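What follows is one structure encoded as structure tokens, with my remarks underneath.
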2 protein chains.
Amino acid sequence: MYSRRMAGVKMSGGVEWAVHCCVVLSQADGPVPAQRLAEFHGISRTYLAKHLQHLSRAGLVTSTEGRIGGYVLTRPAGEISVLDVVLAIEGREPAFRCTEIRQNGPLPASPAACRRACGVARAMHAAERAWRDSLGAVTIADLGEGVLEDAGPDTFVHLREWLGT
Amino acid sequence: MYSRRMAGVKMSGGVEWAVHCCVVLSQADGPVPAQRLAEFHGISRTYLAKHLQHLSRAGLVTSTEGRIGGYVLTRPAGEISVLDVVLAIEGREPAFRCTEIRQNGPLPASPAACRRACGVARAMHAAERAWRDSLGAVTIADLGEGVLEDAGPDTFVHLREWLGT
DNA sequence: CTAATCGCGGATAACACCTATCCGCGTTCA
DNA sequence: TGAACGCGGATAGGTGTTATCCGCGATTAG
């Protein structure tokens with residue numbers, strides 16, 4: 001079940017789930033349990049719970065335990081970027097890690113030459129910075145507005161009704 | 001041996017090897033065999049060979065078989081971007097793949113609303129575009145110049161001497 | 001008080017991909 | 001002919017992703 005074979009190669013599929021959940025949370029009136037979020041998106045409840053725990057540990061959401069518990073955003077949706085969510089799920093480590101192979105072999109780079117990072121690493125890190133800047137410029141609130149544009153102004157009204165069920 | 005635990009999480013470690021190899025090839029006078037490239041960088045010969053085959057299939061290098069065979073860049077180093085190498089090794093598929101979970105659950109998005117790509121997907125793809133643009137702006141020739149700045153003007157002279165050995 | 005609901009963390013397992021090696025094949029050249 | 005070389009397939013260990021289940025503690029409705 002739920003064998004969707006999400007991203008496959010590189011980005012964890014849980015990122016997509018987490019971002020969509022944040023959009024839902026931004027439109028909810030109270031705490032929304034993982035059960036409800038999973039049901040709404042038609043995805044695995046147990047696995048989504050793992051990702052929500054990551055969001056909790058990253059400080060993006062607070063969880064209330066007990067009978068009517070669930071998740072609530074800790075900040076206004078306009079102050080939570082897509083990058084925040086991605087980093088919470090995927091981790092904060094850069095995708096590219098330089099192994100300094102320039103220091104290997106018969107003609108290793110001198111320590112003096114290694115004062116600056118390797119040119120390859122500089123290019124990779126600059127690209128990642130551009131990627132992060134782009135994701136950091138989009139907020140959960142922006143995504144919510146996009147949904148309204150695409151699906152109509154009543155969309156979140158219906159969502160709130162269903163959440164209240 | 002060679003248990004370097006390269007990138008770890010996301011980007012294939014072979015990318016780093018491949019880019020460095022392209023820089024070396026850009027400074028070589030003739031075909032350079034995989035054996036030589038691996039020895040120069042202090043990395044696994046058999047595994048590097050696999051990555052070089054990817055570069056060959058992507059059209060970035062041509063391989064000459066036989067006794068004095070090896071690899072040669074197909075284009076001037078100024079016309080080969082780091083992005084070209086990354087795509088050749090990692091594949092051309094985007095890191096983020098939208099699974100359209102907005103069409104799931106009790107309140108699925110209407111077909112009309114799905115004429116545009118999902119807002120989450122749009123943000124992710126825009127970020128990847130920024131990443132690719134950044135990598136596409138750096139060429140192998142740029143990296144070669146960077147090496148000269150860091151390691152001195154004689155670096156590639158020594159490299160060519162060693163390759164001629 | 002009890003039971004149901006809920007988040008949390010650990011254990012577990014299937015699966016895919018990355019890393020790495022080895023082999024046989026065909027090619028080229030001394 | 002033999003040595004060096006690229007190519008493709010087979011193989012295998014390691015790691016990360018995906019997914020599920022369990023017990024625990026917390027909270028609240030009845």
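What you see is a predicted model, and the numbers here were worked out from it, not measured in a lab.
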Residues 145-155 of chain B vs salt bridge (charged side-chain N to carboxylate O under 4.0 Å, His left out), sequence neighbours excluded, gives A:Arg116-B:Glu149, A:Arg116-B:Asp150, A:Arg122-B:Asp150
Sorted by chain and residue number, the side-chain hydrogen bond (donor to acceptor under 3.5 Å, both in side chains) partners of B:Ser81 (sequence neighbours excluded) come out as B:Asp84
Can you pull out every salt bridge (charged side-chain N to carboxylate O under 4.0 Å, His left out) where at least one residue sits in residues 56-72 of chain A? Sequence neighbours excluded, please.
none
Who pairs with B:Glu39 by side-chain hydrogen bond (donor to acceptor under 3.5 Å, both in side chains), at least two apart in sequence or on another chain?
B:Arg36
Per the under-4.0 Å heavy-atom filter, residues of residues 58-66 of chain A near DNA chain D come out as A:Glu65, A:Gly66
Under 4.0 Å, counting only non-hydrogen atoms across every strand here, what does A:Arg57 touch: a base, just sugar-phosphate, or nothing?
sugar-phosphate
By side-chain hydrogen bond (donor to acceptor under 3.5 Å, both in side chains), which residues pair with A:Glu79, not counting sequence neighbours?
none
By nearest-nucleotide position on DNA chain D, the 5'-leaning member of B:Arg67 and B:Tyr71 is B:Arg67
Contact under 4.0 Å: A:Tyr47 side-chain N or O vs D:dT18 OP1/OP2:
yes
Consider the side chain of B:Gln53, meaning its heavy atoms from C-beta on, and name the nucleotide among D:dC7, C:dT21, C:dG7 that approaches it most closely.
D:dC7
Taking any heavy-atom pair under 4.0 Å as a contact, classify A:Ala49: base, sugar-phosphate, or nothing.
nothing
Taking only residues two or more places apart in sequence, or in another chain, which ones meet B:His54 in a ring pair (Phe, Tyr, Trp, His ring centres under 6.0 Å)?
none
Is a donor-acceptor contact shorter than 3.5 angstrom present between the side chain of B:Lys50 and the base of D:dG6?
no
Terminal helix-axis angle for the helix from C:dC1-D:dG30 to C:dA30-D:dT1, with five pairs defining each axis and rounding to 10 degrees:
10°
Quick one: side-chain hydrogen bond (donor to acceptor under 3.5 Å, both in side chains) partners of B:Asp133, sequence neighbours excluded?
none
A:Ile43 CD1 to D:dT18 C1', in whole Å, measures 12 Å
